[in-house]
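Everything below concerns the one structure shown next.
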Amino acid sequence: MSERTASERGSTPDPDASLGDSIAGGWDNRADELPPAEWGREKSSRRTGTVWLFALFITAMAMAHAWLSDELTSQAFLAWMTIFTAISFQALPFLVFGVAFSAGLTAFVPASFYRRFLPDNPRRAVPVAGAAGVLLPGCECASVPIAGSLIKRGVAPAVALTFLLAAPSINPIVMIATAVAFAGQPEMVLARFVASLLACVVVGWIWVRFGRTEWLRLPARTHAPGASKLKVFRESMLHDMMHAGGYLVVGAAAAATLNVIVPRAWLMAVADAPVISVLVLALLAIILSICSEADAFVAASLTDFSPTAQLAFMVVGPMVDLKLIALQAGVFGWRFVIRFAPICLVVGLLCTFLIGGLLF
């Protein structure tokens, strides 16, 4: 069922209602322990084993590179290794920060804390969450586990997802980097801020109206009820890091592969086509999976493309890219990703065309 308030369904809450419905209905008489312990995926040794398999795979690659460096001289392979390493190491600090922040929210912040800042109605809370993205200087790797923790602590899914999109799109570091990359072009900074914020809020409202909580599943609680806060913090951080880290590796490997096999000449061939060039740079942003704090410099280097196409690169990238898709799948599941990613792409493109047409 969609996220709607309890008053729209009746005055008596349904004990079998889905998590998103119960949270979206308001905070009154809610216990601090939200969601219920039984909600979410059961812990699976297979998932953890898969992460360890990825870790062993990366270790084997590093050892092979050290032992066979004289043999592995193919330009394509070296380019793949460079891009894969760059994406992984670029994302890792922000992922660690996001996981630590998420674990801190789970361990030390009661659900009642959010009552002071978020309206009970998810539709009104979505713009607040979008504006809150200005406050957290981090990339998409950090925002995914934080959004997961917010949902665990009782924040309506649409609100947490709006924050997930806004934090890497419009935070101060991103805006400053954009101003530096596009020096003397304040309209580009304004266009990025307005288009990104508008896209995040619209996606949040769409999820309020059409989102179904059974599409979005979080890992089950990793600690026993009554555990100390430090133990909750440690276990939550360990679980989230192991879970999201494996998907980061998958996303980085996919992005590196596509970077190597897609010729740059194909991009230049469509640079002069107004609409197609926007779509191509949006696709390029998805493939490259560049951190939002650095994507403005790449966009500024694409001088053969129109300002609207450059804007699409910066708006779409922080909302949906291969690395982000993999991380979201690790935290929320693939049923969520196959619905959420297309919504973000379509809304991001529409907002890009709208704001680009008004300002450029």
Answer whether the closest heavy-atom distance between the side chains of V128 and P119 falls below 4.5 Å. yes
side-chain contact (heavy atoms from CB on, under 4.5 Å) filter on V270, not counting sequence neighbours, yields I276, V280
With rounding to the nearest 0.5 Å, note down the distance linking SG in C200 to CG in L164. 9.0 Å
Should M81 and L78 count as side-chain neighbours, where that means a heavy-atom distance under 4.5 Å? no
Flag the pair V144 / F332 as yes when at least one side-chain heavy-atom distance between them is below 4.5 Å, and no otherwise. yes
Rounded to the nearest 0.5 Å, what separates atom CD1 in I287 from atom CG in L281? 11.0 Å
Among all residues two or more places apart in sequence or in another chain, which pass the side-chain hydrogen bond (donor to acceptor under 3.5 Å, both in side chains) test with T352? none
Joint hydrophobic cluster, V189 plus V180, side-chain heavy atoms closer than 4.5 Å: no
What heavy-atom pair brings L349 and A282 nearest, and what distance separates the two atoms? CD2-CB, 3.7 Å
What residues, two or more places apart in sequence or in another chain, satisfy side-chain hydrogen bond (donor to acceptor under 3.5 Å, both in side chains) together with D295? R192
Cluster check I151, W334: I/L/V/M/F/W/Y, side chain < 4.5 angstrom: yes
Going by side-chain contact (heavy atoms from CB on, under 4.5 Å), name the residues that satisfy it together with L358, two or more places apart in sequence or in a different chain. L354
Rounded to the nearest 0.5 Å, how far apart are CG of L161 and OG of S143? 10.0 Å
Qualifying residues under side-chain contact (heavy atoms from CB on, under 4.5 Å), relative to A129, sequence neighbours excluded: V159, T162, F163
Residue pairs passing the ring pair (Phe, Tyr, Trp, His ring centres under 6.0 Å) test where at least one lies in residues 178-205, sequence neighbours excluded: none
Do L118 and V155 have side chains that approach each other closer than 4.5 Å (heavy atoms only, starting at C-beta)? yes
Heavy-atom closest contact (A158 atom, V208 atom, distance): CB-CG2, 3.3 Å
Heavy atoms of G348 and V315 approach each other most closely as O-CG1, 3.9 Å
Cluster link L198 to L350, ILVMFWY, side chain under 4.5 Å: no
Would you check if L324 and I286 make a side-chain contact, meaning some heavy-atom pair closer than 4.5 Å? no
Short side-chain to backbone donor-acceptor contact, S277 and P274, under 3.5 Å: yes
Here the gap from S196 atom OG to M319 atom CE, rounded to the nearest 0.5 Å, amounts to 7.5 Å
Do F210 and V202 share a hydrophobic cluster (ILVMFWY, side-chain heavy atoms under 4.5 Å, transitive)? yes
Of all the heavy-atom pairs spanning L150 and A160, show the shortest one and how long it is. CB-CB, 4.0 Å
Donor-acceptor contacts under 3.5 Å from residues 302-313 side chains, at least two apart:
unit_1, atom_1, unit_2, atom_2, d
S306, OG, A309, N, 3.2
Q310, NE2, A299, O, 2.9
Q310, NE2, L302, O, 3.3

Considering all heavy atoms, the nearest S292-P318 contact: CB-CG, 3.9 Å
Got a list of side-chain donor-acceptor pairs under 3.5 Å for residues 335-346, not counting sequence neighbours?
unit_1, atom_1, unit_2, atom_2, d
R335, NH1, E214, O, 3.4
R339, NH1, R335, O, 2.7

If you round to the nearest 0.5 Å, how far is CG of D321 from CG of L288? 9.0 Å
For residues P186 and L190, determine if any side-chain heavy atom of one lies less than 4.5 Å from a side-chain heavy atom of the other. no
A181: which residues meet the side-chain contact (heavy atoms from CB on, under 4.5 Å) condition with it, sequence neighbours left out? A296, F297, A300
